[in-house]
There are 2 protein chains.
Amino acid sequence: MLENFESVSRSIADSTRVRILKMLEPGELCVCQITAILGLAPATVSKHLSLLRMAGLLSHRKQGRWVFYRLSSHDNNPYAPPVLDLMRNILGDDPVIAEDRTRLDKINTVPLEDLCGDGRHIFTEKLHSKSGSQATA
Amino acid sequence: MLENFESVSRSIADSTRVRILKMLEPGELCVCQITAILGLAPATVSKHLSLLRMAGLLSHRKQGRWVFYRLSSHDNNPYAPPVLDLMRNILGDDPVIAEDRTRLDKINTVPLEDLCGDGRHIFTEKLHSKSGSQATA
DNA sequence: TGTCCATTTAGTCTGTTGACGAAATAACGA
DNA sequence: TCGTTATTTCGTCAACAGACTAAATGGACA
């Protein structure tokens with residue numbers, strides 16, 4: 001009960017995890033895509049994703065070497081759905097969230113192989129450069 | 001934006017603060033009443049209340065030497081109302097929350113002067129004793 | 001004015017959290 | 001099978017959070 005609610009509320013009490021939840025609204029993403037958008041170390045991102053999954057907010061599936069995460073449709077935690085519903089209706093106009101969305105759009109124009117492969121660092125750098133918002137990668 | 005949401009989500013990410021929000025649903029309470037129900041040091045409770053107020057979840061009014069807190073109806077933080085609405089619909093059947101409600105009912109039978117005065121410690125002790133749930137103070 | 005008492009603030013201590021790099025794991029392709 | 005690569009786990013470290021005690025604040029009342 002209170003324990004389940006706490007795992008959800010603690011999950012959304014961190015801005016990085018809120019960013020993850022918001023960037024997954026349009027659909028599932030690979031870990032390397034999420035990592036590129038956030039600009040954090042893979043280990044850090046993995047830990048956040050694991051925590052969100054444990055709280056019942058995310059589901060994941062493996063496809064080859066890639067792992068895709070999506071907003072959960074499970075019933076593990078009864079408090080997850082109402083919280084996800086609430087989040088869907090807010091923060092769309094927040095600057096940080098909006099910038100993430102811009103990066104997401106840019107990332108969707110690049111094949112996963114390119115993003116996660118050799119060109120990874122170069123692309124991620126462009127994604128987070130000062131002129132990143134209007135650069136065309 | 002994200003900052004305002006974070007102050008709310010961090011507020012509800014602690015079980016003590018969730019207990020406070022739930023015990024204030026029926027109506028306002030004095031700090032000494034909240035302290036008695038929680039069984040924590042007054043300074044600790046005061047800090048939690050201050051944090052909840054800063055997040056826009058609580059309002060307060062002074063009456064003499066007592067300070068009464070209630071669920072906020074202000075518009076300081078746009079994320080406070082939807083979160084309070086969500087909370088109203090959940091956790092009513094949680095054991096901890098239910099026990100707090102029992103203590104609240106018991107406290108409401110005692111005049112504030114008695115609760116905050118000399119008999120304070122004795123009453124609080126009864127409130128938190130093993131047989132406290134069925135004791136009649 | 002001075003005392004009493006509810007509440008808040010200040011200071012401290014301990015446990016938790018979020019970041020990282022390095023090492024382990026797992027799956028693909030040669 | 002072996003190397004490569006995406007992801008996770010492990011170990012570490014600095015920053016934060018929540019608890020307490022002690023001291024400060026502020027209103028009530030003699």
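The figures that follow rest on heavy atoms only: side chains count, while hydrogens, waters and symmetry mates do not. Numbered from 1 within each chain, the chains take letters A, B, ... in sequence-line order.
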>> Which residue is it: B:Val83, B:Leu52, B:Leu21, B:Asn77? I am looking for the one with a side-chain contact (heavy atoms from CB on, under 4.5 Å) to B:Ser11.
In response: B:Leu52
>> For a quick test of reading the model: is some side-chain N or O of B:Thr16 closer than 4.0 Å to OP1 or OP2 of D:dA19?
In response: yes
Any donor-acceptor pair under 3.5 Å linking the side chain of [X] with the backbone of [Y]?
| X | Y | answer |
| --- | --- | --- |
| B:Thr35 | B:Val31 | yes |
| A:Glu99 | A:Val96 | no |
| B:Ser9 | B:Phe5 | yes |
| B:Asn76 | B:Gly56 | no |
| A:Lys22 | A:Arg101 | no |

Between [N] ([atom2]) and [X] ([atom1]): distance, integer Å:
| X | N | atom1 | atom2 | answer |
| --- | --- | --- | --- | --- |
| B:Phe68 | C:dA6 | CZ | C1' | 11 Å |
| A:Leu40 | C:dG18 | CG | C1' | 10 Å |
| A:Ile34 | D:dT8 | CD1 | P | 9 Å |
| A:Leu38 | C:dC20 | CG | C1' | 15 Å |
| B:Asp14 | D:dA19 | CG | C1' | 11 Å |

> Restricting to pairs with a member in residues 51-60 of chain B, which pass side-chain hydrogen bond (donor to acceptor under 3.5 Å, both in side chains), not counting sequence neighbours?
Replying inline: B:Ser59-B:Ser72
>> To the closest 0.5 Å, what do you measure between CD1 (B:Ile12) and CG (B:Leu57)?
In response: 8.0 Å
Any protein N or O atoms within reach of nucleotides 23-26 of chain C? Criterion: under 3.5 Å, listing atom names and distances.
none

Where the side chain of [X] is concerned, which of [options] is the nearest nucleotide?
| X | options | value |
| --- | --- | --- |
| A:Val67 | D:dT7, C:dT8, C:dC20 | D:dT7 |
| A:Trp66 | C:dG18, D:dT7, C:dC20 | D:dT7 |
| A:Tyr69 | C:dC20, D:dC20, D:dT8 | D:dT8 |

>> Does anything in residues 43-59 of chain B come within less than 4.0 Å of DNA chain D? Heavy atoms only, and list the residues if so.
In response: B:Ala43, B:Thr44, B:Lys47, B:His48
> Is there a path from B:Ile34 to B:Leu51 through hydrophobic residues (I, L, V, M, F, W, Y) whose side chains come within less than 4.5 Å of each other?
Replying inline: no
